Structures are given as structure tokens and as C-alpha cells.
Amino acid sequence: MEKITAIKGIKDILPKDSPIWHQVELTARKVFECFGFCEIRVPIMEKTALFQRSIGETTDIVEKEMYTFRDRDDELLTLRPEATASVIRAYIEHNLLASDPVTRLYTMGPMFRRERPQKGRFRQFHQIDVELFGDDQPASDAEVIFLLMHFLQSLGVEKLSLEINSLGCKACRPVFSRAVVEYLKGSESSLCPDCQRRINTNPLRVFDCKVETCASVIAGAPLILNYLCTECSEHFSAVKEYLNDLKLPYEINPKMVRGLDYYTKTAFEVKSGALGAQNSLAGGGRYDGLVSFLGGPEVPGIGFGIGLERLIACLPSSDQNPYRMDIFIAALGARAQKIGFGLTQELRRRGISAAMDYSDKSLKSQMKRADKLNSAYTLIFGDKELDENRAQLRDMKTKDQQSLPLDHMLEAITNIFKREGSGL
RNA sequence: GUGGGUGUAGCUCAGCUGGUCAGAGUGCCGGGUUGUGGCCCCGGAGGUCGAGGGUUCGAACCCCUUCACUCACCCCA
């Protein structure tokens, strides 16, 4: 039979990698809850219109990267390419504003984008997403950025760099956009074909182009920071001041633009070396008009997403053994096997993790298995020992051995683990 | 969607300009040694050399096609 493989760009997370994922998720929960954020779990599918409206019709994500399909009743559905839209939808739908004027939420899970896979980029990837609604004060911008950096640092991520910018608001950004378009049109001929196209579709993206000639054109382009209205300008200054007070190093990148249309004012991005071309670990920003744009009340918001595959890629690699057994039962012979089976299940029922080989293998190979399972103890007995009514309990770490009377084996083992406080 | 690289044992890879080229290490299974496992020693299982076609007396190796993986562009977390 021909084997069926996983879908391109969609990866399994294998047992050996699970511990690090757990660690990241656990740390996230701890840190976020410390800042007063609560978990919300939102579906991985939404009506397509939700993403079209929030992310923007002309963005690459919506135009060519979404997994969209028709349900059996012809409704257009999409596998979520990011989480913010869903969280806002849920926030509006359940009127979370009513119970608390300021709502702090986080969520985590898989996202889907149909891109060509490469290092740090997959078609199904995982994000942790943090959103704060109902606070338009610069302090909340700083809080969210601080939260992000603190989270990454507490995981031990090295070579972090934080870039911030302000993207203006609906008052000042259009003025800036027009200035950019006007400027770019002046040197249109020296731009790459992609950028010539962008002038009309998404002019701010030209700032991201890596083609040399484009870069030199960009060097003289107008900067958003010079076009900010008074309100945006003051907001940005306050954010910077807060970050300074927190002693959080950052760089201002006036050319940073975000790929999603909904961002306003503060935008930020965290990069890490040692990641390859996809070096953006996390990104986010303020989106003050978005909640109402999605049919909700006029509520400001700010949030960020963290790419977990990328995050884990720049964590110190640990070849941690995913197994950790309290005890391995090495039973030699048919009678011993039978007793071992019952014993194993009974130990498990008591909360002591136990394992055994159900095929009657050599002691050597059973001991090898015990080692691989990282068991603390191994209980060894065969048919002969059954007659003598004694089994041997061996401490795998210290090689200490002791003899156990078979009739009391279960109690004896249970007591040992009670004494050691393991698993009970 | 556009480029480059790579496909040989479960894993990591050797295999020279086509002529014992089907191999090594590791892992797995069994045995020996040992104070009943870890080190060491011996043995064993496991590959249509990604797939299809072509050139040749002869192809893992050369050519074409195709697929997969990978890196980069694009874009983003």
C-alpha cells in the first residue's frame, strides 16, 4: 500500500519535543495570569468575512494565503490565519465589555496560512496571542510590550531585539500614505516590479523591500514619525517614556510597517538572531478602530502574537527524555508476567507510574527498556522468585537493591513512593 | 507563485571520472562478558539507492520527466 503522508508544511510535534512545548505553554500561562490576563479559547474556523474585514481585503494573507472553503450549506468558512479577529469577535459577541471595562485575554493554538514552507514558516503554525481591550492609555502599550519581553526572557530566549514604531491613526496615516505614494511615484522607474505594483496596492510595504535600488529610494522617503498628529505623537512619546522607565531597551524603526491593515499608533516587533530569514519572533500593536469596525462598541485594543515554532527554535535545545516512570516491572517467565501485569495496572491505579514489557524478553533487554523509560526503580522477579516469595527492587540511579516479600509487594512499593512523595 | 540545494537502512550519512556499489555509524532484536542493565565482544533482522522513462554490455552514479523535502525570494508570527 502506498503510504499517506502529512500535508506539506504541516508538522507533527513528536514526543521528544513535547516537553519544551509544555514548558512554553506553562510559562505563558503563569506569566500572563500574573499580569491579569485570562485564557479564552476560540474556534479555529470562522466565517471568511471576519478575516476579510479585520485583516484587510488587499493583504497577502487574505488575497492568497487563507484556507477557505464552502461548507455543505454553501457558507464560506476559513481556517484562522491569526487569532486577533476571533478574539475580538468573541469579545463583541459575548459582550465582555459589560462585565469589565478593561479586558485582558490570551489564547494559544494553531493558525493556518498557505505559504511556501521554509525555515520558521509553516502552513500550520502555532501562536500565543495576547489582547487587551478597553484601555487607550500609553501605559497599556508599555505594559503589553513589557509582558511580551518578560515572557520571552523568562524562557531564556537570547539575542532579542525590540523595535517599535507608531503607525498613526485614521487622522494622520492617510496624509502620510499620500505623501509616500507621491514620493514613490517620483522615482517609480528605479523601483523593482514588485514595488511598482505595491504603490497602488499597499504602498507602505515598499518600506520592507530588500532590493537594493528600492532601499535607496526608501532611504529618502517620508517617515511616518514626521506626519503623526499631536495625539499620536504624544501617545508615542509617552510609550517610549514608560519603556525607558522600565529599562527596556528598544529601537525605533520608523520604517517598520505591519502586514495587517488594522494596526494604529504603536506597533512593535521582536526579532531574534539565529533564526534564519524568518527572524520575527513576535509582533503586534494597537488597533483602536478595529472593535467597532467589526460591529462592536468603540473600544480601543492592543495585542500581539508570538510564533511558537520560531520561539522554540531559538530556545536552548534540550534533549530531554520525555519519559519519566516511577517503576519498571521486569517479569521473567509466564507466571511472573501474569502477576506483573496485574501489579502494573494496580500501581497505575494508585497513581504510581509503571511500565512493563508484555512479551517475555531477556532481562538484559528489559533493563535496557527500563533505562530508556527513565524509570526510578525496577522490580525484578521470575518464576523462581515467585516460589521463593521474594522479588528484587532496584534503584536505577544508585544501583541499591533490596529484597521485597512478594505477598506485600504492592504495599511495599506504594509505601516507598509515598515516602518519596513521588506521584502521590 | 519564482529560484537554488538535497533525496541511499528507523536515524545520521559514505559510496572517487558509470564496472563486487548495496556500505558505515547509531538504533532495534538475540547472545557472550559483568555482581542479572549501562562499557566491551559476537551474531541477526531491516533498503525495489524517492518514482517513472531513456542512454549503455553494464546506472545509486549520466540525461529527461515527476514527486517529496529543504533554503531563499514573496509575505509574515
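Predicted model only: the values in this text are computed from it and were never measured. What you see below is based on every heavy atom in this structure, not just the backbone, and it leaves out hydrogens, waters and symmetry mates. Below, read A as the first sequence line, B as the second, and so on, with proteins coming before strands; counting in each chain starts at 1.
A:M111 comes within 4.0 angstrom of nothing in the nucleic acid, heavy atoms only. Residue A:E309 is classed as having no contact, given no heavy-atom separation below 4.0 Å to the nucleic acid. Residue-level contact check: A:K11 touches the backbone only, with heavy atoms under 4.0 Å from sugar-phosphate atoms and none from bases. Nucleic acid contact for A:K8: sugar-phosphate only, since backbone atoms but no base atoms lie under 4.0 Å from a heavy atom of the residue. The residue A:G284 sits apart from the nucleic acid: no heavy atom pair falls under 4.0 Å. Residue-level contact check: A:F328 touches neither bases nor backbone, having no heavy atom under 4.0 Å from any strand. Heavy atoms of A:L281 sit under 4.0 angstrom from primed sugar atoms or phosphate atoms, though from no base atom.
In this structure, the ring of A:F268 has its center no less than 6.0 angstrom from the ring center of A:Y250. Taking the six-membered ring wherever Trp is involved, the centroid distance between the rings of A:Y106 and A:F37 does not fall below 6.0 Å. Aromatic rings of A:F133 and A:Y91 (six-membered ring for Trp) have centroids within the 6.0 Å cut-off, being under it.
The P atoms of B:U70 and B:U12 are separated by 12 Å, rounded to the nearest whole Å. Across B:U8 and B:C61, the matching C1' atoms stand 11 Å from one another, rounded to whole Å. Rounded to whole Å, the P atom of B:U17 lies 43 Å from the corresponding atom of B:G38. If you take atom P in B:C39 and the same atom in B:G47, they sit 27 Å apart, rounded to whole Å. The separation of B:G7 from B:G43, taken at their P atoms, amounts to 31 Å, rounded to a whole angstrom. Using P as the reference atom, B:C67 and B:U20 are 34 Å apart when rounded to the nearest Å.
Distances shorter than 4.0 Å separate none of the side-chain N or O atoms of A:K364 from OP1 or OP2 on B:G30. Side-chain nitrogen and oxygen atoms of A:S362 include at least one within less than 4.0 Å of the OP1 or OP2 phosphate oxygen of B:G31. Regarding contacts with the backbone of B:G5, every side-chain N or O of A:K119 stays at 4.0 angstrom or more from both OP1 and OP2. Dashed line: the shortest gap from a side-chain N or O of A:Q118 to OP1 or OP2 of B:A77 is not under 4.0 Å.
A donor and an acceptor atom never sit less than 3.5 Å apart when one is taken from the side chain of A:R369 and the other from the base of B:C28. In terms of polar N and O atoms assigned as donor or acceptor, the side chain of A:R310 comes within less than 3.5 Å of the base of B:C76 in a complementary pairing. For a distance-only test at 3.5 Å, the side chain of A:R394 qualifies as a donor-acceptor partner of the base of B:G37.
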- How would RNA chain B look in dot-bracket form, 5' to 3', counting Watson-Crick and G-U wobble pairs with both distances under 3.5 Å and writing | for bases paired to another strand? (((((((..((((.....[...)))).(((((.......))))).....(((((..]....))))))))))))....
- Task: Begin with the C-alpha distance, continue with both residues' side-chain angles, and end with the deciding distance and a verdict on side chain to side chain donor-acceptor pair (under 3.5 Å) for A:H235 and A:D136.
- Result: CA-CA 9 Å; A:H235 185 97; A:D136 62 359; over 6 Å; no
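Positionally, the nearest nucleotide of RNA chain B for A:T5 lies more toward the 5' end than for the other of A:T5 and A:P117. Comparing A:F125 and A:D360 along RNA chain B, the residue whose closest nucleotide (by nearest heavy atom) sits nearer the 5' end is A:D360.
In the set B:A77, B:C73, B:G37, B:A77 carries the atom at the smallest distance from any side-chain atom of A:R113. Residue A:D60 has its side chain nearest to B:C74 when only B:C74, B:G1, B:G30 are considered. Here B:C28 is the nucleotide among B:G37, B:C28, B:A77 with the atom lying nearest to any side-chain atom of A:K372. Checking B:C29, B:G38, B:C76 against the side-chain heavy atoms of A:D371 singles out B:G38 as nearest. You'll find that the side chain of A:Q278 is closest to B:C76, out of B:C76, B:G3, B:A77.
At a cut-off of 3.5 Å, with distance as the only test, a side-chain donor of A:R348 or A:Q345 sits close to an acceptor on the other residue. For the residue pair A:T107 / A:D129, no side-chain donor-acceptor distance below 3.5 Å is found, with atom types taken as modelled.
To the nearest 0.5 Å, atoms CD (A:E25) and CD1 (A:I128) are separated by 7.0 Å.
Salt bridge A:E33/A:R29: absent, no basic N to carboxylate O contact under 4.0 Å.
Annotation for A:E63: atom CD counts as buried by contact number, over 12 foreign heavy atoms lying within 6.0 Å.
If you measure from atom CD1 of A:I4 to atom C1' of B:A68, you get 16 Å, rounded to the nearest angstrom.
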